[in-house]
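Data first, discussion second: the structure below is written as structure tokens.
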Amino acid sequence: MPEPIGSDAWPARSLLGELSPPARRELLELGTEVRFDVGAVLLREGDTHQHVFLLVSGFAKVMATVENGETSLLAVRAAGDTVGEMAAMSGAPRSATVTACGPLTARVWKSGELRGLLERRPAISMALTGMVADRLRWANRRRLDFRGYPAKVRLARLLVELAEFYGSPRADGAVIGCRLTQPELATMVGAAETTIHKVLRDLREEGLLETGYGAITIRHLPELERLAELRTTRAPGARPAAADSTTSDQ
């Protein structure tokens with residue numbers, strides 16, 4: 001099998017990162033392999049299809065349309081994550097659109113395949129439930145940040161979490177392999193695009209951040225954590241401490 005099986009090959013908070021090698025292998029053999037180019041749509045908001053994707057490589061963006069018609073970035077998903085599982089389990093229409101940030105490989109499962117797997121493998125069911133709970137906590141933290149911190153701190157907190165969940169370590173920092181635009185970062189931290197432009201410029205001038213095509217590089221993660229007013233320092237990929245409690249779902 002070409003895909004890596006070891007738990008260290010997947011982000012710790014992802015479904016594949018949580019599972020034992022036999023369970024991980026079973027997921028990687030379920031369904032069929034599909035590939036997407038940058039910008040391709042995996043799932044579309046409002047659709048009633050109930051298939052699920054397990055991301056094997058690459059990054060995807062989870063977007064939703066708000067009441068004024070604008071599009072808002074809700075989350076980033078990476079290899080080891082699933083997208084579409086909530087609609088598959090509930091039967092409700094898709095609540096978000098998922099697009100590939102770059103070349104992406106996934107396993108596509110029919111909803112019946114997922115249900116059958118969860119029924120016969122309780123450990124996988126529990127891991128999937130835990131992953132959904134983590135997503136709810138993450139979304140709640142974003143909402144609390146909106147009320148309690150200025151934009152620069154909110155952005156620092158977001159970048160630290162993205163680095164810890166999805167970053168590739170380097171020296172004192174990490175590379176986030178999914179390039180996020182300024183409007184997307186603005187929606188994720190609840191700030192004006194002009195404010196995010198200034199904050200990013202400040203972070204670059206302070207030597208904490210580099211932005212380039214296809215990636216965001218954090219040059220000094222401990223210093224960014226200090227700016228983010230986070231109490232602990234964790235290696236990229238480590239699970240964060242429990243916090244308050246929401247989105248999942250596509």
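Computation of the quantities below employed the complete heavy-atom set of this structure, encompassing side-chain atoms and omitting hydrogens, waters and symmetry-equivalent molecules.
- Residues Phe53 and Thr82 fail the side-chain proximity criterion, which asks for heavy atoms closer than 4.5 Å.
- No side-chain heavy atom of Gln50 sits under 4.5 Å from any side-chain heavy atom of Leu114.
- Salt bridge annotation for Glu206-Arg201: absent, with no cationic side-chain nitrogen under 4.0 angstrom from a carboxylate oxygen.
- Two residues are said to be in side-chain contact when any heavy atoms from C-beta on lie closer than 4.5 Å; Val98 and Arg77 fail this criterion.
- There is no path of hydrophobic side-chain contacts, each under 4.5 Å, that joins Leu162 to Val175.
- Qualifying side-chain contact (heavy atoms from CB on, under 4.5 Å) partners for Leu30, counting only residues two or more places apart in sequence or in other chains: Trp109, Glu113, Leu117.
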Just do the side chain to side chain contact (heavy atoms under 4.5 Å, CB included) check on Leu200 and Gln182 with the steps written out, would you?
CA-CA 9 Å; Leu200 288 172; Gln182 292 184 18; 3.6 Å; yes
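- Checking Val52, Leu54, Thr32 one by one against Val108, the side chain to side chain contact (heavy atoms under 4.5 Å, CB included) holds for a single residue, Thr32.
- In this structure, Leu19 and Glu26 have side chains that are not in contact, with every pair of non-hydrogen atoms separated by 4.5 Å or more.
- Using a distance-only test at 3.5 Å, with no hydrogens or angles considered, no donor-acceptor pair links the side chain of Glu119 to the main chain of Gly116.
- With Thr187 contributing its side chain and Leu73 its backbone, the two residues share a donor-acceptor pair below 3.5 Å.
- Atom CG of Leu104 is separated from atom OG1 of Thr99 by 9.5 Å, given to the nearest 0.5 angstrom.
- Atom CG of Asp134 sits about 11.0 Å away from atom OG1 of Thr129, to the nearest 0.5 Å.
- Rounding to the nearest 0.5 Å places CG of Leu42 at 7.0 Å from CG of Leu55.
- For the atom pair CG of Leu209 and CG of Leu227, the computed distance is 10.5 Å after rounding to the nearest 0.5 Å.
- Rounding to the nearest 0.5 Å places CZ of Arg154 at 13.0 Å from CG of Leu159.
- Leu155 contributes atom CG, which lies 5.0 Å from atom CD1 of Ile196 (distance to the nearest 0.5 angstrom).
- Formation of a donor-acceptor pair under 3.5 Å by the Arg107 side chain with backbone atoms of Leu27 is not found in this model.
- Asp172 places none of its side-chain heavy atoms less than 4.5 Å from the side chain of Arg219.
- More than 12 non-hydrogen atoms from other residues, nucleotides or ligands lie less than 6.0 angstrom from CZ of Arg121.
- When all heavy atoms of Ala87 and Ala92 are compared, the pair lying nearest together is CB-O, 3.4 Å.
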Please walk me through it: do Arg135 and Glu85 pass salt bridge (charged side-chain N to carboxylate O under 4.0 Å, His left out)?
CA-CA 13 Å; Arg135 293 178 181 181; Glu85 70 284 342; 2.9 Å; yes
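- Both Val34 and Val62 are members of a single hydrophobic cluster when ILVMFWY side chains are connected at heavy-atom separations under 4.5 Å.
- Counted by atom type alone, Thr211 and Arg204 present one or more donor-acceptor pairs between their side chains at under 3.5 Å.
- Within the 4.5 Å cutoff, the side chain of Glu210 has no heavy atoms near those of the Ile218 side chain.
- The two atoms that bring Pro93 and Gly46 nearest to each other are CB-O, 3.8 Å, heavy atoms only.
- Within the 4.5 Å cutoff, no side-chain heavy atoms of Leu208 are placed close to those of Leu221.
- Ile124 approaches Leu15 most closely through the heavy-atom pair O-CD1, 4.3 Å.
- Taking the side chain as every heavy atom from C-beta outward, Leu16 and Leu28 approach each other to under 4.5 Å.
- Considering every non-hydrogen atom in both Ala64 and Ser95, the closest pair reads CB-O, 3.9 Å.
- The other members of the hydrophobic cluster of Tyr149, by chain and number, are Val153 (side-chain heavy atoms under 4.5 Å, ILVMFWY only).
- Nearest approach of Ala151 to Ala191, heavy atoms of both residues: CB-CB, 4.1 Å.
- No more than 12 heavy atoms of other residues, nucleotides or ligands sit less than 6.0 Å from atom CZ of Arg35.
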Test log, rule side chain to side chain contact (heavy atoms under 4.5 Å, CB included), inputs Thr48 and Arg94
CA-CA 6 Å; Thr48 57; Arg94 305 289 186 191; over 6 Å; no
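- The minimum heavy-atom distance between Arg157 and Ala228, with the atom names listed, is NH1-O, 2.8 Å.
- Ring planes of His49 and His51: tilted class, angle from 30 to 60°.
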